[in-house]
Amino acid sequence: MSKVEPEVRDVEAGEPPRGGGARRIPGLVPVAESRLTAEVGPRADLPGRITPQGPPALPVPTQDGGTGPVSAFLRMLGSELSLTFRRPRNLAMLAVLAVVPVILGVVLRLVGDDLADGPGGLIQQVTGNGFFLSFVSLSALVPLLMPVAVAVVAADSVAGEASAGTLRYLLAAPAGRTRLLAVKYVNAVLFCLAVASAVSLAALVTGLILFPAGPVTLLSGVAIPLGDALLRMLIVIGYVTAGMAALAAVALALSTLTEAPIGAIAATVVLVISTQVLRVIPQLDVLQPYLLPNWWGDFDAVLRDPIAFDDLSSGLLAFGAYILLFGSLAWARFTSKDITS
């Protein structure tokens, strides 16, 4: 007994037992060891403490130089992006959206002679310069098809996890509900960027192949070089992405209200269609500034010289208001609800 007691005191004091540490009383868990094993990862405030594996528990450096919140966020975002862009459903939606400008360009190429004598507009501009096919494609897809694709991803982000029974396991990790919700939203915004880029790039390549290319004559009658026109197209992609990001915030808020992803997706699509219908009713013109789709088509401001930044700024302010409002609703709901699945 006298040989065992010193070893017990050494272990309880946080020191390795004498003689190599191989001898231990069965069933005895030292206090220092139990505290260390209860931690997830190394403790930066306990340098030099003996871990169950033997070496001292020292802080593990991360790429951001801190304790790792930024790197943890990026790891979660990378995992979320991998799941989003490997899902066949999402890839199919991107492919369909990218094919629509190709079909539109082929049709305009075949009937281009008939449009030459028709009224002016973007469609007629395409036959003279393929650059305008990007604007025609976005004008055709932004009102409905692109919002449907965004709704499928954003509305499924939280409700889909709850339906699959994985949301509770995600929250079991020390990530926090706010961080998880932020990761879901950033993932949806990046998908919005992918949608806008895929449509614009497919339309631009198709237009430059099927139609003449060169200096672009804007709607205001001023001709600019093709390089400047491409820079304006980047502004259009950013503006359309911001508009779809506002819709993603709405879909994310609806996703936190249900555990049925199809319900959140359907609610988002119905909301888009309803607001589009309200826009065409003259008696409801007073509601126009408050309807999100009313601002989606203002990207034609870049086709004027100078660019109508006032129109773009008004649209961006409306998008920001939607993101702030529905993002706050999503956060308030998600951080206070009981997760049962």
Side-chain angles (χ1 to χ4, degrees), residues 73 76-77 79-94 96-97 143-173 175-195 241-278 290-293 296 318-341:
F73 180 88
M76 293 177 62
L77 179 60
S79 176
E80 193 72 20
L81 288 172
S82 177
L83 292 175
T84 298
F85 288 96
R86 287 189 305 173
R87 185 168 294 177
R89 177 192 65 189
N90 299 340
L91 295 178
M93 290 189 299
L94 285 175
V96 170
L97 291 173
L144 185 59
L145 291 184
M146 287 177 61
V148 170
V150 172
V152 169
V153 173
D156 183 66
S157 56
V158 176
E161 299 282 5
S163 176
T166 56
L167 183 58
R168 185 168 52 182
Y169 295 99
L170 288 175
L171 295 177
R177 297 192 180 193
T178 300
R179 184 187 300 176
L180 179 60
L181 190 67
V183 166
K184 295 288 187 182
Y185 180 67
V186 173
N187 172 74
V189 172
L190 293 178
F191 184 80
C192 296
L193 177 61
V195 167
T241 300
M244 295 297 105
L247 178 64
V250 177
L252 184 64
L254 295 175
S255 183
T256 61
L257 300 177
T258 179
E259 296 183 357
I262 188 63
I265 295 172
T268 305
V269 174
V270 169
L271 182 63
V272 171
I273 296 176
S274 301
T275 52
Q276 295 284 22
V277 172
L278 294 177
Y290 306 99
L291 301 178
L292 180 59
W296 284 344
F319 300 153
Y322 266 85
I323 293 173
L324 180 61
L325 175 61
F326 286 93
S328 300
L329 293 176
W331 176 82
R333 171 61 178 171
F334 188 65
T335 55
S336 61
K337 68 181 297 187
D338 294 330
I339 305 301
T340 59
S341 60

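Residues: numbered from 1 along the sequence shown.
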Which heavy-atom pair separates L77 from N187 by the least distance, and what is that distance?
-> CD1-N, 4.0 Å

Straight-line distance of I273 CD1 to T268 OG1, nearest 0.5 Å = 11.0 Å

Backbone N or O of V153 within a donor-acceptor pair of the R87 side chain at under 3.5 Å?
-> no

Minimum heavy-atom distance between V150 and M244, given as atom pair plus value | CG1-O, 3.7 Å

For the pair T275 (side chain) and V272 (backbone), establish whether a donor and an acceptor sit closer than 3.5 Å, ignoring hydrogens and angles.
-> yes

State the CG-OG1 distance between L181 and T256, to the nearest 0.5 angstrom.
-> 7.5 Å

Output the distance between atom CG (D156) and atom NZ (K184), rounded to the nearest 0.5 Å.
-> 8.0 Å

Distance-only, no hydrogens or angles: does the S255 side chain make a donor-acceptor pair with backbone N or O of A251 under 3.5 Å?
-> no

Calculate, to the nearest 0.5 Å, the distance between atoms CG and CZ belonging to L171 and R168 respectively.
-> 10.0 Å

Please tabulate, one pair per line, all N/O donor-acceptor pairs under 3.5 Å involving side-chain atoms of residues 318-330, not counting sequence neighbours.
residue	atom	partner	partner atom	Å
Y322	OH	Y290	O	2.5
Y322	OH	L292	N	3.3
S328	OG	L324	O	2.6

What distance separates M93 CE from F191 CZ, expressed to the nearest 0.5 Å?
-> 4.0 Å

Indicate yes or no for a side-chain donor-acceptor contact from S163 to the backbone of A159 under 3.5 Å, with no hydrogens or angles considered.
-> no

Close side-chain approach of L271 and L247, heavy atoms under 4.5 Å = no

Nearest-0.5 Å distance, CD of residue E80 to CD of residue E161 | 6.0 Å

Decide yes or no for N90 and F85: does some side-chain heavy atom of the first lie under 4.5 Å from some side-chain heavy atom of the second?
-> no

Got a donor-acceptor contact below 3.5 angstrom from the Q276 side chain to the P293 backbone?
-> no

Sidechain-backbone polar pair: S79 side chain, M76 backbone, donor-acceptor under 3.5 Å | no

